[in-house]
Structure formats: structure tokens, C-alpha cells
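To start, the structure under review is shown below, and the notes come after it.
The model shown is predicted, which means the values in this text are computed figures rather than measured ones.
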Amino acid sequence: MASKVRSFAVVTGASTGIGLELARCCAQDGYDLLIVADEPEIHTAAQELQSLGCRVESVEADLATQEGVDKLYEAVRGRPVDALLANAGRGLGKGFLDQNWDEVFHLVNTNVTGTLYLIHQIGNDMRRRGQGKILITGSVAGFTPGSFQAAYHASKAFLDSFSEALRNELKGTGVTVTCLMPGATETEFFERADLMDTKVGQQEKADPAEVAKLGYEAMKTGDDAVITGWKNKMQVAMAKVLPATATAEYMRKQTEPGSGSKH
């Protein structure tokens, strides 16, 4: 009797944080994994996930580049991808004109260009097969102008919008698209984005395991989007009724350099 073929998931940005927890959700649900990040810790993550009884392959690649995405896609080796969890992302704090342009460019290419290129590659394979699930990690940040995180918020607004449009385009194809929209989560994001001296950098944050579980469950059921946490849902509701000038000023108080020491 032939053994059942295990489901196969690709998870990006899976070395730490929400991405690692999303990969863990997949592993615990019987998926074999291909995980990727642009740092060597991705191989340590693979060893940890293998202890859950699944097969895990890790790829170290920079998904901000076409070469990096191609390297990941080649590692798929033609296997049917049942779930693509496009989680890789970068943040960047401080005023836009004070930021290093290479870092801004890398952020946009990671969050937007590389994500779209990967979804275009694997999404076409899914559509040809008539089945597949795509989870895109957007953010509640996409609902507000992000003073002192301007490029990051704009990139997430792009992903939030893109995921809803792609979902509509794929109606009736057997491929679903879900957008995970977390708020501030306890990951290495804030340290890497140089936001530790800000109010948002110092505030209490959500558990990445809980955020990932909500996103994973929404993907499994084919929901269109999930906003994690009641505070984030309130923030989104306010952003929809307040003028952009007001929400930009609110974000300034949260993310302006040195705001963490202000009372």
C-alpha cells in the first residue's frame, strides 16, 4: 500500500518571529517544508522544525533580489506547493530623508518586489493545478501613514491591497489568498528597524506564536484577511474614519526617534 503523499509548504522569512511560528504551524499540521531567509539562522530553524517529524529543507537567499527568488524557486524542484506563506519583510525606522537609500531600496525590494515575483512564480503553478493556498503577511500598518516608518507602512499598504485584488482575480480557480495583518509583535523586527528608542519599540507586544496561529487558521479556511488583536482592530477602525493627517500625527508620537523616553 502506497504511503500518503505529504502536503508541501514554502515559508519565507522563517528564521525567527512570525515566519518561524508559521512554519511550526505547518509542521504540526503534517506539511513538509521549504523554508528561506537571508541569514544563516535559517538552517538552525530547520533543525528545530525537523524535530516535529516533518522533512525540512532550508535555503539562505536574499528575496530582495531576483536571483534570490530564483534560488528559492529552483529549490522547489517542481514539487506541487500546497501552501505558500509569503512572510519575508523588512522594517526601517527614522525619517525618510535621514534613512540610508540602500536600506530603503532593500526594504521595498524585499517587502514588495520579491514577494510579488515569488507569488507570480508559485501562484501560476497553483492555478495550473487548480489548488493552493497563499498567505501574505501584510500589516495593520498598511492602514495608516507611517511617520518615521514611511516606506515600511507604504509597503504594507501595497501588500494589503494587492492580496485583496489577487484573491478576487483567483475566484473559482481553487487558489485562495489570505492576508495576515498583525500589529506590533514581539520579534526582532523593532531592533533590526532601529526602533528601540521609540514608544512603539518599548510597548508590550503580541506573541508571535498566537499571531501565526491566527494567520495559519485563516489560511486553512480560505478567509480573505485576519487582523490580530482587539487593539489592532480598533486602530484599523479609527484609521478608516479619521483623516490621514490625524493618523500620521498619531504615528509620529509612536515612532518618532526618542519618543520612548517622552512622557
Side-chain angles (χ1 to χ4, degrees), residues 3-91 106-107 109-111 114-115 117-119 121-122 125-126 132-137 178 180 182 184-193 196 205-220 228:
S3 59
K4 181 184 175 183
V5 176
R6 289 170 62 89
S7 298
F8 179 51
V10 175
V11 188
T12 70
S15 56
T16 60
I18 295 172
L20 176 57
E21 296 301 334
L22 285 170
R24 197 188 312 278
C25 289
C26 291
Q28 291 171 338
D29 203 21
Y31 283 85
D32 287 334
L33 295 170
L34 174 60
I35 61 174
V36 63
D38 62 356
E39 54 192 4
E41 286 79 5
I42 192 66
H43 305 302
T44 304
Q47 292 175 349
E48 178 185 340
L49 292 165
Q50 281 174 341
S51 68
L52 298 173
C54 63
R55 299 174 71 177
V56 185
E57 183 178 352
S58 55
V59 174
E60 186 179 343
D62 184 0
L63 300 185
T65 67
Q66 184 167 324
E67 294 77 14
V69 176
D70 287 341
K71 181 179 179 181
L72 172 60
Y73 187 64
E74 287 167 10
V76 173
R77 296 195 299 275
R79 289 172 287 182
V81 177
D82 299 287
L84 169 61
L85 296 87
N87 171 78
R90 280 283 175 263
H106 191 259
L107 179 151
N109 284 333
T110 301
N111 296 9
T115 298
Y117 181 39
L118 180 61
I119 292 171
Q121 297 281 84
I122 292 180
D125 294 339
M126 288 179 169
K133 296 182 180 298
I134 298 172
L135 179 69
I136 300 172
T137 301
T178 302
L180 170 59
T185 306
E186 194 60 61
T187 68
E188 296 178 2
F189 172 89
F190 294 92
E191 186 173 346
R192 291 177 174 178
M196 294 307 292
K205 303 173 184 67
D207 180 353
E210 294 179 6
V211 169
K213 184 179 179 184
L214 288 169
Y216 180 78
E217 290 175 349
M219 180 194 76
K220 285 283 286 185
T228 61

Practice item. Under the side chain to side chain contact (heavy atoms under 4.5 Å, CB included) rule, what do Thr65 and Lys71 come out as? Steps first, then yes or no, please. Key: CA-CA 10 Å; Thr65 67; Lys71 181 179 179 181; over 6 Å; no
Minimum heavy-atom distance [X]-[Y], with the two atoms named:
{"X": "Thr178", "Y": "Ala218", "result": "OG1-O, 3.7 Å"}
{"X": "Cys54", "Y": "Arg6", "result": "CB-NH2, 3.4 Å"}
{"X": "Ala27", "Y": "Leu52", "result": "CB-CD1, 3.8 Å"}
{"X": "Leu20", "Y": "Ala45", "result": "CD1-CB, 3.9 Å"}
{"X": "Met126", "Y": "Ile134", "result": "SD-CG1, 3.7 Å"}
{"X": "Leu63", "Y": "Gly68", "result": "CD2-O, 3.7 Å"}

Check your understanding: For Leu180 and Ile18, what are the C-alpha separation, side-chain angles and deciding distance, and is it a side chain to side chain contact (heavy atoms under 4.5 Å, CB included)?
Key -> CA-CA 10 Å; Leu180 170 59; Ile18 295 172; 4.2 Å; yes
Does [X] reach the main-chain N or O of [Y] with its side chain, forming a donor-acceptor pair under 3.5 Å?
{"X": "Asp82", "Y": "Phe8", "result": "yes"}
{"X": "Lys213", "Y": "Glu21", "result": "no"}
{"X": "Lys133", "Y": "Lys220", "result": "yes"}
{"X": "Ser15", "Y": "Glu41", "result": "no"}

Point to revise | Candidate pair Asp70 and Gln121, rule side chain to side chain contact (heavy atoms under 4.5 Å, CB included), full reasoning | key: CA-CA 9 Å; Asp70 287 341; Gln121 297 281 84; 4.3 Å; yes
Point to revise | Candidates His43, Gln47, Gln50 - the one meeting side chain to side chain donor-acceptor pair (under 3.5 Å) with Ser58 | key: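 Result: among His43, Gln47, Gln50, His43 is the only option passing the side chain to side chain donor-acceptor pair (under 3.5 Å) with Ser58.
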